[in-house]
Amino acid sequence: MDAYRRGARGGQDGRGRVLSGAPAGPGWFVVGDAGAQLDPASSHGVLRALLSGWTAGSLTAAVADGALDPRQAAATYRQWLYEGAERDIHHLAGTYARIGAQGFG
């Protein structure tokens, strides 16, 4: 999460990664590439987009059923988004380091 929390104000970090400054809040979620976008080499773009929509929909249903507070839903989504992105960032950095690519770690 550290790489994304440092960029919590949003925008691109110069390494092919873009993060929404606020990917969720009580009553709303930012999904797909609008929420987080990594280097296309991660090959997770479409999957991340689909999963972000599914995750947001599941959390919305839990809020509508009264099983989850909207703030908890937003925090859960942010954590899911950041942790997934951080895993991909570390994986990509390791891959780029192994092949000798500069500026991606």
**Message:** Has Y77 got a side-chain atom pairing as donor or acceptor with V30's backbone, closer than 3.5 angstrom?
**Reply:**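 At least one qualifying donor-acceptor pair exists.
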**Asked** Hey, does T95 have a side-chain heavy atom less than 4.5 Å from the side chain of R98?
**Response**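 The answer is yes, as the side chains (C-beta and beyond) meet within the 4.5 Å cut-off.
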Looking at [X] and [Y], what are the two nearest heavy atoms and their distance?
| X | Y | answer |
| --- | --- | --- |
| P23 | R78 | CG-CG, 3.6 Å |
| A24 | A74 | CB-O, 3.7 Å |
| V63 | A73 | CG2-CB, 3.6 Å |

Straight-line distance of [X] [atom1] to [Y] [atom2], nearest 0.5 Å:
| X | Y | atom1 | atom2 | answer |
| --- | --- | --- | --- | --- |
| W54 | L59 | CH2 | CG | 8.5 Å |
| L68 | T60 | CG | OG1 | 10.0 Å |
| T55 | F29 | OG1 | CZ | 9.5 Å |

**Message:** Run L51 and R48 through side-chain contact (heavy atoms from CB on, under 4.5 Å) and show every step you take.
**Reply:** CA-CA 5 Å; L51 287 175; R48 183 182 307 281; 5.8 Å; no
